[in-house]
Each structure stands twice: as structure tokens, then as C-alpha cells.
Amino acid sequence: MKDTSRTVGVQPKTDAEIELIRQAGRVVHRVLNACGQAVAPGIVTGDLEDIAISVISAAGGSSPFLGYAPPGHPPYPAWTCVSVNNEIVHGIPGRRKLEEGDIVTVDVGVELHGFIADSAWTFAVGEVSSETAMLLEVTERALYDGIAQVHSGGRVSDIGAAVQTRAERSGLSVVKELTGHGVGRSLHEDPQIPNYGRPGRGPELVTGMTFAIEPMLNLGGSRIAVLDDGWTIVTADGSRSAHFEHSVAVADCGAQILTNGD
């Protein structure tokens, strides 16, 4: 029987298309650098949104987040997602003031020349506790553990298995309802990239596939809840959550990271 998991729903990109995603990724990287430099006690989350709008607009890009409306959701009202402390993803930037010891995740997508790149980073606001610092360090390492599993001939579940191993060895929980995703011509393409699982399963990784890997790890339990705004996803137990994300392309020998500024 033919192994249809190899190609169903997947849109491998040409070298030229991957370069266009990389160009969008360079803008994403500039946004995250600018936001990271601005993060400090006393600023509000809307300040980070304003920075992103300025950088993206200056580059001639646009936000695929603004107005995004999957079934069951109102249109997303901002260019970025800015999530604080127990907010896992999809926090709507506004007037919330950041305080010493907080953490804040800035999630950015950029559309440029018809192609999209997506990345997120969690920043410490001033000095944070040792437990919070561990959460940030482990989640970032989990991202790169997942990226290290990317090569032509691998399997999607190899990525999630590596993320889950790193998380659970450190006593962190994995958010299982939220996944990485294909990215390129659309913000969300196939395949989904879970952050858990057993290796050697799921669609085969083939040269030219492009997708976002994005571990979301919690200090407490893995259960989630959605706030009344219909977007912001939080930890059910109020524990802190970190989120790190890169868009990558599959190559014969490994992963090309498209959102690291290269």
C-alpha cells in the first residue's frame, strides 16, 4: 500500500519560494529584536504592537494576524499577539502594563511578496525568579531540540518527541491542544507539528517543506482555558507559560531556520 502520509496536504516550496519566506522572516526577526530591546517594566503591551507595526510597515510588509478569523473566532484585532505570564498564546495587545518579574511573549507574522514567516519569543521583564528563568531556558532549548530533528526522510513526530523529552525531564508540561503548523503562502498550512509524541510517526519530512515549530511549555499543568475575548489562551491553573517559535525549511541534511535574521 502506498504511504500517503508522505505528501497529503503538504506544499513543498521551491528554492525561490523559500528565499521569499526567508525575506519575510528577516522582517519578523527585526520586529522581535526591536520588541525585545523595548521590553522593560512600565511599558504596556500596546507599545510592542506599535513597534511591530512600524517595523513591518517600513519593510513594505503586512500582518497575516490582523483580521484572521478561523471558524468560531471573531476577527483577530491586532498585528501581533502579546501574551503575559499565564497567557500561553493569542494575547491581544492593549493597555496592560508590564511589571518587574513578568514574562511576555511576542508572536509575529509577516507577509511580504505573497509569502509568510512566523516566529515568537518570550522575554523576561527585568529580573525574574530562578523558576521562571528555567522555564524560558528549557522552552528555548526545546525549540532547538525540535529543529535538530528536521531533515529529509525524518517524521513529524520526531520533532514533538524531542520537545516533550526536554520538557518533561525538566518537570514542565507540554500544551497538547496547540501545535506548530505549515507556513508559506498561508499562515496555517499542513502539516500540524505537535510538541509531543512518539518518534517515527506522522507525515514524512521532505525537502522543501516549510513549517513553524513552536513549543509552548508550562510551569504547572497542561490544561488550558480561553478568555472571554475569544482569543487569549491561558493556563487553567494560572501557572506561567513560555513560547518560542521559528519558521524552518526542510533540507536534505537538516533544517534551514528562516526567521533568525540570516
Side-chain angles (χ1 to χ4, degrees), residues 8-13 17 21 24-25 27-28 31-32 45-46 48-49 52-53 56 61-84 86-94 104-122 143 146 156 159-160 163 174-197 202-203 209-218 222-236 241-248 258-259:
V8 170
V10 173
Q11 303 176 42
K13 309 300 190 297
E17 290 171 332
I21 299 171
V27 181
V28 171
V31 172
L32 290 174
T45 57
L48 301 176
E49 166 83 351
I53 292 172
I56 295 169
S62 61
S63 171
F65 293 2
L66 182 65
Y68 181 69
H73 291 267
Y76 189 72
W79 287 51
T80 63
C81 300
V82 183
S83 307
V84 181
N86 69 316
E87 296 174 349
I88 304 169
V89 288
H90 304 161
I92 300 172
V104 57
T105 300
V106 182
D107 189 354
V108 179
V110 168
E111 183 168 4
L112 187 70
H113 306 311
F115 285 86
I116 295 168
D118 188 9
S119 182
W121 221 254
T122 303
L143 169 63
V156 162
I159 300 168
V163 170
V174 175
V175 177
K176 294 184 176 180
E177 293 90 343
L178 303 169
T179 70
H181 51 88
V183 68
R185 290 189 178 277
S186 301
L187 179 60
H188 293 117
E189 300 178 354
D190 288 331
Q192 291 190 345
I193 313 292
N195 292 307
Y196 67 97
M209 288 173 62
T210 53
F211 47 77
I213 300 173
E214 48 181 319
M216 290 157 272
L217 306 184
N218 302 339
S222 62
R223 292 179 53 244
I224 66 174
V226 182
L227 299 187
D228 290 343
D229 62 24
W231 277 106
T232 308
I233 298 177
V234 300
T235 58
S241 184
H243 174 202
F244 288 81
E245 175 185 18
H246 270 310
S247 294
V248 304
L258 305 177
T259 46

Passing option when Asp107 is tested against Val82, Asp118, Leu32 for side-chain contact (heavy atoms from CB on, under 4.5 Å):
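In the set Val82, Asp118, Leu32, the residue that makes a side-chain contact (heavy atoms from CB on, under 4.5 Å) with Asp107 is Asp118.
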Under 3.5 Å: donor-acceptor pair, side chain of [X], backbone of [Y]:
X      : Y      : result
Ser241 : Asn86  : no
His73  : Trp231 : no
Thr259 : Ser247 : yes

Verdict with supporting geometry, Ile159 and Phe211, side chain to side chain contact (heavy atoms under 4.5 Å, CB included)
CA-CA 12 Å; Ile159 300 168; Phe211 47 77; 3.8 Å; yes
Mind checking the [atom1]-[atom2] spacing from [X] to [Y]? Nearest 0.5 Å is all I need.
X      : Y      : atom1 : atom2 : result
Ile224 : Asn218 : CD1   : CG    : 9.5 Å
Leu66  : Glu49  : CG    : CD    : 8.0 Å
Lys176 : Arg223 : NZ    : CZ    : 14.0 Å
Leu143 : Ile213 : CG    : CD1   : 6.5 Å
Ile116 : Ser186 : CD1   : OG    : 6.0 Å
Thr45  : Ile92  : OG1   : CD1   : 10.0 Å

Minimum-distance pair of heavy atoms, taken over all atoms of Pro74 and Asp229:
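Distance-wise, the nearest heavy atoms are CG-O, 3.9 Å.
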Of the non-hydrogen atoms in Ala120 and His243, which two are nearest, and what is the gap between them?
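Heavy-atom minimum between the residues: CB-CE1, 3.6 Å.
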His188 vs His181 aromatic rings, parallel, tilted or perpendicular, using cut-offs 30° and 60°?
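The rings of His188 and His181 stand perpendicular, inter-plane angle above 60°.
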Measure the acute angle between the ring planes of Tyr76 and Phe65, then classify it against the limits of 30° and 60° as parallel, tilted or perpendicular.
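Perpendicular.
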Under the side chain to side chain contact (heavy atoms under 4.5 Å, CB included) rule, what do Glu87 and Val234 come out as? Steps first, then yes or no, please.
CA-CA 4 Å; Glu87 296 174 349; Val234 300; 3.9 Å; yes
Is any side-chain heavy atom of [X] less than 4.5 Å from a side-chain heavy atom of [Y]?
X      : Y      : result
Phe244 : Thr122 : yes
Ile53  : Ser63  : no
Ile56  : Val108 : yes

Pair Thr80-Leu48, side chain to side chain contact (heavy atoms under 4.5 Å, CB included): steps then yes or no
CA-CA 8 Å; Thr80 63; Leu48 301 176; 5.9 Å; no
